[in-house]
Amino acid sequence: FTTKATATVVGAVELNLSCPNVESGFPFAKSPDLASRCVRLVREHVALPLLAKLSPNVADIAEIALACKEGGADALTLSNTALGLALDWRTGRPRLGGGHGGFSGPALKPQAMYLVFTAFKKTGLPIVASGGAESAEDVMEFLAAGARAVQIGTATFRNPFVMREIVRRLPELLQQSGLASLEAQIGRAHRPASGAQA
């Protein structure tokens, strides 16, 4: 990852500590010690910006986020899918081959917003928000919570053009807010209320 040729193709590395579909073992993202150690090991071999992708299925996201920062993470992705279960009512058996799995979509937004807000307040690290965003308004909310970027995933299944629509609408929302740039929106929820800031 440190070669010049690779660096021209890969801009950053995201370390997924959070997959909910683990059949056995303990997810790294549920233990501050394991998360920190894992990030540190990868940091020793990767010179590119390193993002740690965390799980929503933890008791204290701030503790995990801080451990990743101390391990050498440059940024965080918050978060992965939440644990879920779908059953076939006819058989009483899980619909997924592995039993349980992760669910995504708009229902995750309030949880993801809380995680972004809390981790930003604790660490100050750049955050990529992931979870339930499907409109320009959602993007503005995540930015206010502390995100520097927002992923759009499940919403694209319903509307393949949703990202284009979001990008087109953002300038209008900035104008309504009296802001000069999206940068001014980042972390706005953490600043004292004083009206619009340019």
Side-chain angles (χ1 to χ4, degrees), residues 11-20 29 35 39 48-58 60-82 102-157 159 162-194 196-198:
V13 173
E14 183 181 75
L15 178 61
N16 186 0
L17 303 174
S18 60
C19 184
V39 171
L48 293 170
L50 179 61
L51 293 81
K53 185 171 185 178
L54 304 184
S55 170
N57 307 303
V58 296
D60 185 358
I61 193 65
E63 183 180 37
I64 305 294
L66 188 58
C68 289
K69 180 178 181 178
E70 292 172 348
D74 299 301
L76 305 170
T77 300
L78 294 167
S79 61
N80 208 325
T81 53
F103 76 87
S104 63
L108 292 185
K109 181 188 162 191
Q111 182 185 47
M113 193 74 62
Y114 168 78
L115 297 174
V116 169
F117 182 91
T118 303
F120 179 81
K121 184 176 181 179
K122 184 69 173 182
T123 70
L125 286 175
I127 294 174
V128 178
S130 174
E134 55 182 0
S135 69
E137 287 81 0
D138 291 339
V139 169
M140 292 292 280
E141 289 180 29
F142 273 117
L143 294 178
R148 296 195 67 85
V150 181
Q151 295 181 2
I152 307 295
T154 303
T156 63
F157 297 151
N159 178 8
V162 65
M163 287 185 283
R164 182 185 302 171
E165 295 168 3
I166 288 172
V167 170
R168 286 176 178 170
R169 181 158 166 72
L170 283 173
E172 178 185 343
L173 298 185
L174 282 174
Q175 186 176 23
Q176 290 178 15
S177 300
L179 300 175
S181 68
L182 289 175
E183 187 75 25
Q185 180 71 358
I186 297 171
R188 198 176 183 190
H190 299 269
R191 300 192 289 267
S194 58
Q197 298 183 19

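Computed from a predicted model, the values in this text were never measured in an experiment. Positions are given from 1, in the same order as the sequence printed here.
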Give, for atom [atom1] of [X] and atom [atom2] of [Y], the distance between the pair rounded to the nearest 0.5 Å.
X      : Y      : atom1 : atom2 : result
Ser130 : Phe142 : OG    : CZ    : 8.0 Å
Gln185 : Leu173 : CD    : CG    : 9.0 Å
Ile64  : Leu17  : CD1   : CG    : 9.5 Å
Asn57  : Gln111 : CG    : CD    : 7.0 Å
Arg148 : Leu182 : CZ    : CG    : 10.5 Å

Using atom types as modelled and distance alone, determine if a side-chain donor or acceptor of Thr156 lies under 3.5 Å from a backbone N or O of Gly153.
yes

Flag, side chain of Asp74 to backbone of Leu50, donor-acceptor distance under 3.5 Å:
yes

Over all heavy atoms of both residues, which pair between [X] and [Y] is shortest? Give the atoms and the distance, please.
X      : Y      : answer
Leu51  : Ala12  : CD1-CB, 3.8 Å
Ser104 : Thr81  : CB-CG2, 3.8 Å
Leu179 : Ala184 : CD2-CB, 4.0 Å
Leu143 : Ala149 : CD2-N, 4.4 Å
Ser177 : Arg188 : CB-NH1, 3.8 Å
Ser55  : Ser18  : N-CB, 3.4 Å

Going by an N to O cut-off under 4.0 Å, is there a salt bridge joining Arg169 and Glu137?
yes

Quick one: does [X]'s side chain get under 4.5 Å of [Y]'s, heavy atoms only?
X      : Y      : result
Met163 : Val167 : no
Leu174 : Met140 : yes
Leu54  : Leu115 : no
Val128 : Glu14  : no
Cys68  : Thr123 : no

Residue pairs involving residues 107-121 (criterion salt bridge (Lys or Arg N to Asp or Glu O under 4.0 Å); sequence neighbours excluded):
Lys109-Asp138, Lys109-Glu141

Does CD belonging to Gln175 count more than 12 external heavy atoms closer than 6.0 Å?
no

Contacts of Ala119 meeting side-chain contact (heavy atoms from CB on, under 4.5 Å) (sequence neighbours excluded), chain-then-number -> Ala65, Leu76, Leu78, Ile127

Between His190 and Phe117, what is the ring plane arrangement, given parallel below 30°, perpendicular above 60°, and tilted in between?
parallel

Only counting residues at least two apart or in another chain, list the ones meeting salt bridge (charged side-chain N to carboxylate O under 4.0 Å, His left out) with Arg168.
none

